[in-house]
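Report on the structure given below.
Side chains included, hydrogens not; waters and symmetry mates left out as well; all remaining heavy atoms used. From a predicted model like this one, the values you see are computed outputs, not experimental measurements.
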Amino acid sequence: MQQNNWGYQKCTLGVFIALAFMADFSPDSPEFYQRTHRVRLKNSGTSDKKSSHKIKYKKIPRVHQNLKGGFYMKITFIGATHEVTGSCYYLEAAGHKFLVDCGMEQGPDYYENKDLPIAPGDLDFVLLTHAHMDHSGNLPALYAKGYQGPIYATEATCNLCDIMLRDSAHIQMFEAEWRNRKGRREGKPEFIPAYTMEDAMGVLRNFVRCPYDKIIKPAEGIEVRFVDAGHLLGSSSIEVWMTEDDKTEKIVFSGDIGNVNQPLIKDPVYIKEADYVVMESTYGDRSHGERPDYPVMLAEIIQRTFDRGGSLVIPSFAVGRTQEMLYFIRQIKEQGLIHGHDGFTVYVDSPLANEATTIFSENAYTCYDEEAMDLLKKGINPLFFQGLKTSVTTDDSRAINFDADCKVIISASGMCDAGRIKHHLKHNLWNPKNTVLFVGYQAIGTPGRALLEGATEMKLFGETVQVAAEICKMPGISGHADVNGLLDWARAFDNKPKHVFVTHGDDTVTEVFAQRLKEDLGYDATAPFSGTEYDLLENKCIHEAPGIRIVKATASPKASRAARAYEKLLAMGRRLMTVIRKNEGCPNKDLDRFARDIQSLCDKWDRDDI
């Protein structure tokens, strides 16, 4: 009898195991297609649309099931919402979880960003639009928190990230060392950097190089193509096709859309089809104006500076803008636009800029525009000329200030808030013969912005330096498309997208540009805040997050709580306006009732006793 019971128990146990196995691995089960682990590709396996590279996946349970028993195809907005920096978008589709961009916030931070809704180690892959820190700068931090998967990007973006992420890690560690040295004297706890050089080197090993215009398949049910965005060497807009239960939706991430007719790199590629678009709006409310002749303008500044016996100092971003300046100066020398100062010297005093210039040259045949390629075909390097000198060591940098001849000094950082440029300002600002030329955006609160706004003195390395040099700027020079360029990019779609999400712009700019898309192109467009979730299968908002402003701590905790409460009230006011707009076209009876409800609310709180 006992043996029969044991046999029955074994049989029952076997049935349960078999049922569990079938539930997990049946082709009809929603768990069937999830892979067990990430696979880092040594080769991107690119191809055209008809024969994309196949990747083999093992199976594990899928986790993105919604309440109706189906599966999410959704996007959650994390960063660069109503702000210009910190781009990061989290997507769930085809049983996979992935990011598009993982950028660092730079400059003033106005709104709270939601944390990723999952542990970084649970992500399957990352897609990267380009190498600028506000799109790639948090990748080492993601690695430090457990992410070990692949990062897909163009060849040039991988090359630039190799130098830029290492440089960022060096800055993080240097700052932490400085703060801890100071903090120990004051008894403060140890400051931990966002990431270390080890983290940067670790994440760089996981980059997967992808060519332009070829479809790759990073996961089952996901296809991706990188197209040239014309913003920076290797920059891209990313097309993503996601298939769920035989239904495919296409979402396009614009990345940073480039300005047309930039030197060296190609103009942005227009995309013809998309179901959804995530679009930047950096200059969504303004135009660059008429494009000047930059070589002629720069030549005039060099000429008058040299004629009075001075030197020209150009604070410049190491990647992109420095190479543009070299391109212009080569033209100036070739055309003989400077008179009486033949063979003048140009110093590039930035190790990062020098490495970036080498990467530009190495990626010329895939990224340069027709004009730059014509020069190469003639045996002319568009970034080199007689008199160009690069400094690598600190001794090289110091030696520049002992050169008494008229010269051009190009050095980072572009906003004068760090780097070797501060030494050159210390040695040149006081002299009225010299000129400081700004060739890029100067954020509020930076030394560069202060100089442009007429500062008469500047504190550098503990010394107060008088500002006697000429201060000027080159207008309209930008790697970003202006509002007209953004609209041209958006109207290139053959059919209207189902929805356009406007991001990567200052607070009001995102709203202004979303309205332009509605009025000018008839698009359904919104500017989401961090934490907003959107269902891409159903074309509807799952969760509309309010924008929560960051309130700086004050001496009074009570005042801080009051400020936070007021910010929440403002957020609710913005949500109310959104709800009002959604009710446009409803029956008059409903609108009248809605208006009475709002009127009653206003009457209740429009008080004279507060």
Side-chain angles (χ1 to χ4, degrees), residues 75 77-91 99-107 110-111 113 127-138 153-154 157 226-232 234-240 251-260 262 265 267-271 274 276-288 320 440-441 443 478-493 497 499-518 520-521 523 525-530 532 534:
I75 182 171
F77 295 87
I78 304 297
T81 56
H82 288 252
E83 293 178 328
V84 181
T85 63
S87 289
C88 186
Y89 312 102
Y90 168 67
L91 290 95
L99 296 182
V100 175
D101 286 346
C102 189
M104 181 184 292
E105 289 192 288
Q106 298 173 302
Y110 298 110
Y111 287 98
N113 280 352
L127 307 176
L128 180 60
T129 59
H130 65 286
H132 277 152
M133 286 293 100
D134 60 323
H135 292 257
S136 70
N138 270 344
T154 65
T157 294
F226 296 85
V227 298
D228 200 335
H231 168 68
L232 174 73
S235 65
S236 62
S237 300
I238 303 178
E239 302 172 274
V240 183
I251 185 167
V252 170
F253 294 86
S254 73
D256 285 358
I257 300 168
N259 202 0
V260 295
Q262 288 192 86
I265 61 176
D267 287 348
V269 171
Y270 292 161
I271 298 170
Y276 298 95
V277 179
V278 178
M279 184 174 182
E280 69 116 328
S281 59
T282 309
Y283 285 88
D285 65 340
R286 56 199 184 277
S287 168
H288 294 321
Y441 177 71
S478 175
H480 283 272
D482 65 6
V483 64
N484 298 315
L486 292 174
L487 288 171
D488 287 342
W489 188 90
R491 69 166 51 92
F493 295 107
H499 199 92
V500 178
F501 306 97
V502 179
T503 62
H504 202 289
D506 284 326
D507 187 10
T508 57
V509 175
T510 57
E511 298 283 358
V512 167
F513 187 66
Q515 192 62 33
R516 284 293 300 270
L517 291 174
K518 293 177 184 178
D520 292 16
L521 305 181
Y523 287 177
T526 55
F529 282 100
S530 181
T532 295
Y534 202 91

For this session: Might you work through the side-chain contact (heavy atoms from CB on, under 4.5 Å) test for Val240 and Phe253, ending with a clear yes or no?
Result: CA-CA 8 Å; Val240 183; Phe253 294 86; 4.2 Å; yes
For this session: Classify the side-chain pair Tyr270/Asp488 by whether it contains a donor and acceptor separated by less than 3.5 Å.
Result: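 No donor-acceptor contact under 3.5 Å links the two side chains.
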Exercise. So, Thr526 and His499: side-chain donor and acceptor under 3.5 Å apart, yes or no?
Worked result: yes
Got a donor-acceptor contact below 3.5 angstrom from the [X] side chain to the [Y] backbone?
X: His480; Y: Thr282; result: no
X: Ser254; Y: Ile257; result: no
X: Asp228; Y: Pro268; result: no
X: Asp101; Y: Leu128; result: no
X: Ser530; Y: Ile78; result: yes
X: Thr85; Y: Gln106; result: yes
X: Asp482; Y: Gly485; result: yes
X: Glu280; Y: Gly505; result: no
X: His82; Y: Asp507; result: yes
X: Glu83; Y: Asp506; result: no

Would you indicate whether the side-chain heavy atoms of [Y] and [X] approach each other to under 4.5 Å?
X: His130; Y: Ser136; value: no
X: Tyr89; Y: Val278; value: yes
X: Ile75; Y: Ile251; value: yes
X: Val252; Y: Ile238; value: no
X: Thr508; Y: Glu511; value: no

If you compare all heavy atoms of [X] against all heavy atoms of [Y], which two are closest, and at what distance to 0.1 Å?
X: Ser281; Y: Val509; result: O-CG1, 3.1 Å
X: Thr510; Y: Val502; result: O-CG1, 3.6 Å
X: Leu232; Y: Ile265; result: N-CD1, 3.7 Å

Exercise. What pairs with Tyr523 under ring-ring contact (aromatic ring centres under 6.0 Å, His included), at least two apart in sequence or on another chain?
Worked result: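 Applying ring-ring contact (aromatic ring centres under 6.0 Å, His included) to Tyr523 gives none.
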Problem set entry | Non-neighbouring partners of Phe493 that pass ring-ring contact (aromatic ring centres under 6.0 Å, His included), sequence neighbours left out | Trp489
For this session: Take Leu91 and Leu99, measure what side-chain contact (heavy atoms from CB on, under 4.5 Å) needs, and give me the verdict at the end.
Result: CA-CA 6 Å; Leu91 290 95; Leu99 296 182; over 6 Å; no
For this session: Report the C-alpha distance between Phe513 and Val483 in whole Å, list the side-chain angles of each, state the deciding distance to 0.1 Å, and finish with yes or no for side-chain contact (heavy atoms from CB on, under 4.5 Å).
Result: CA-CA 8 Å; Phe513 187 66; Val483 64; 4.3 Å; yes
Problem set entry | Ring centres under 6.0 angstrom apart (His135, His504) | yes
Exercise. Quick one: are the ring centres of Phe529 and Phe77 less than 6.0 Å apart?
Worked result: no
For this session: Could you walk me through whether Phe226 and Thr154 pass the side-chain contact (heavy atoms from CB on, under 4.5 Å) test, one step at a time?
Result: CA-CA 7 Å; Phe226 296 85; Thr154 65; 4.0 Å; yes
Problem set entry | Pairing residues for Glu105 by the salt bridge (Lys or Arg N to Asp or Glu O under 4.0 Å) criterion, not counting sequence neighbours |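 Salt bridge (Lys or Arg N to Asp or Glu O under 4.0 Å) check on Glu105 returns nothing, list empty.
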